[in-house]
2 protein chains.
Amino acid sequence: MNYSIGNFAAITNLSVYTLRYYENEELIVPGRKANGQRYYSEADISWIQFIKRLKATGMPIKEIQKYAKLRSQGDLTMPQRMEILVKHRAILQARITDLQENFTKLDEKINYYKSKM
Amino acid sequence: MNYSIGNFAAITNLSVYTLRYYENEELIVPGRKANGQRYYSEADISWIQFIKRLKATGMPIKEIQKYAKLRSQGDLTMPQRMEILVKHRAILQARITDLQENFTKLDEKINYYKSKM
DNA sequence: TGTTGACTTCTAGTTAACTCTAGGTTGTAT
DNA sequence: ATACAACCTAGAGTTAACTAGAAGTCAACA
């Protein structure tokens with residue numbers, strides 16, 4: 001089944017603007033019908049979900065772009081892609097740890113001031 | 001002890017540009033010498049550390065601004081300030097949970113693909 | 001047939017949070 | 001006295017990631 005950009009936007013919860021922007025940035029390149037209109041596939045849905053996950057964990061568009069480029073070059077680029085993901089995982093782990101520490105400090109401050117009220 | 005903007009920048013690890021920007025946004029308002037030059041106090045150091053913590057946990061400048069405004073109005077605004085912090089704590093907790101979930105998913109993906117290599 | 005409504009491209013505008021430039025003044029060291 | 005660094009203001013420029021506008025094409029429906 002193929003989807004128009006409008007339908008695909010509804011499915012993925014992204015705006016059509018954003019989808020065209022992502023295409024411009026070469027994150028996701030849909031097919032084109034004879035009349036020039038874009039169409040997106042089922043596979044594009046899981047791909048966009050993955051892009052959203054990378055974004056949600058703070059990976060910048062430029063980095064996702066690199067990943068997308070490798071992906072479009074086929075299975076042989078798997079090692080490089082894994083390298084990107086493994087590095088990103090480390091960054092993410094560090095960020096979580098950092099946030100947890102800041103959470104604790106903030107929590108302490110709140111409790112301290114609450115005890116004085 | 002008072003600090004010039006340059007010294008204060010070195011101490012806080014912020015650029016002088018950023019400090020002037022923060023002043024413009026009314027996050028931190030240093031004193032002024034007779035000749036117009038800014039000076040920062042010891043108390044400003046811990047205040048800026050706190051601002052940095054709020055920033056590090058994703059609080060936008062506009063929100064920090066609200067907090068700073070209340071703070072400048074004295075002790076009576078403590079309850080409102082606590083409210084901001086408690087809300088922020090909740091947001092932060094949710095963000096950490098979300099990141100942890102995404103971390104797990106990413107980790108699973110990496111392990112899955114690594115097992116096939 | 002005509003008028004929506006969804007699509008197209010290209011380009012400009014927006015927002016956050018800085019970051020820098022220009023042009024000028026002040027403080028310190030030789 | 002003269003450099004020279006550090007300070008001042010006002011305003012412009014930057015970057016990321018969208019977001020929107022203008023002008024036009026095309027298919028479907030009353």
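Reminder, nothing fancy here: chain letters follow the sequence lines and each chain counts from 1.
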Q | Residues which pass ring-ring contact (aromatic ring centres under 6.0 Å, His included) with A/Phe50, listed by chain and number, not counting sequence neighbours | A | A/Tyr67

**Q.** Atom pair distance, as rounded to whole Å: CE in A/Met59 and C1' in D/dA16
**A.** 16 Å

Q) Would A/Tyr22 end up clustered with A/Val29 when hydrophobic side chains under 4.5 Å apart are linked, directly or stepwise? A) no

Q. CG of A/Asn24 versus C1' of D/dA20: gap in Å, rounded?
A. 15 Å

Q) Is the shortest side-chain N to carboxylate O distance from B/Arg32 to B/Glu23 below 4.0 Å? A) yes

Q. Once you round it to whole Å, what is the distance between C1' of D/dC7 and OH of B/Tyr3?
A. 19 Å

**Q.** Gap between atoms CG and P, on A/Leu14 and D/dA17 respectively (whole Å)
**A.** 14 Å

Q: Starting from the C-alpha separation in whole Å, work towards a yes-or-no answer on side chain to side chain donor-acceptor pair (under 3.5 Å) for A/Asp107 and A/Thr104.
A: CA-CA 5 Å; A/Asp107 194 49; A/Thr104 303; over 6 Å; no

Q | Whole angstrom value for the distance that separates P of D/dA6 from CZ of B/Phe8 | A | 18 Å

Q.
Would you say B/Arg38 places a side-chain N or O within less than 4.0 Å of OP1 or OP2 belonging to D/dC8?
A. yes

**Q.** For atom CG of B/Leu19 and atom C1' of D/dC7, their distance in whole Å
**A.** 13 Å

Q: With the side chain of A/Arg32 defined as its heavy atoms from C-beta on, choose the nearest nucleotide among C/dT9, C/dC18, D/dA17.
A: C/dT9

**Q.** Heavy-atom neighbours of B/Gln49 CD exceed 12 at 6.0 Å
**A.** yes

Q: May I ask you to verify if any side-chain N or O of A/Tyr22 is less than 4.0 angstrom from the OP1 or OP2 atom of D/dA17?
A: no

Q) Which heavy-atom pair separates B/Ile48 from B/Ile28 by the least distance, and what is that distance? A) CD1-CD1, 3.7 Å

Q. Taking only side-chain nitrogens and oxygens of A/Ser4, does any of them come within less than 4.0 Å of OP1 or OP2 of C/dC7?
A. yes

Q. Just by protein heavy atoms under 4.0 Å, how would nucleotides 19-30 of chain C read 5' to 3' in B, S and -?
A. BBB----SS---

(Q) What is the distance, to the nearest angstrom, from the CD1 atom on A/Ile61 to the C1' atom on D/dT19? (A) 14 Å

Q) Can you check the B/Tyr39 OH to D/dA6 C1' distance for me, whole Å? A) 19 Å

Q: State whether A/Lys105 and A/Glu108 are salt-bridged, where the test is any N-O pair (Lys NZ or Arg NE/NH1/NH2 against Asp/Glu carboxylate O) under 4.0 Å.
A: no

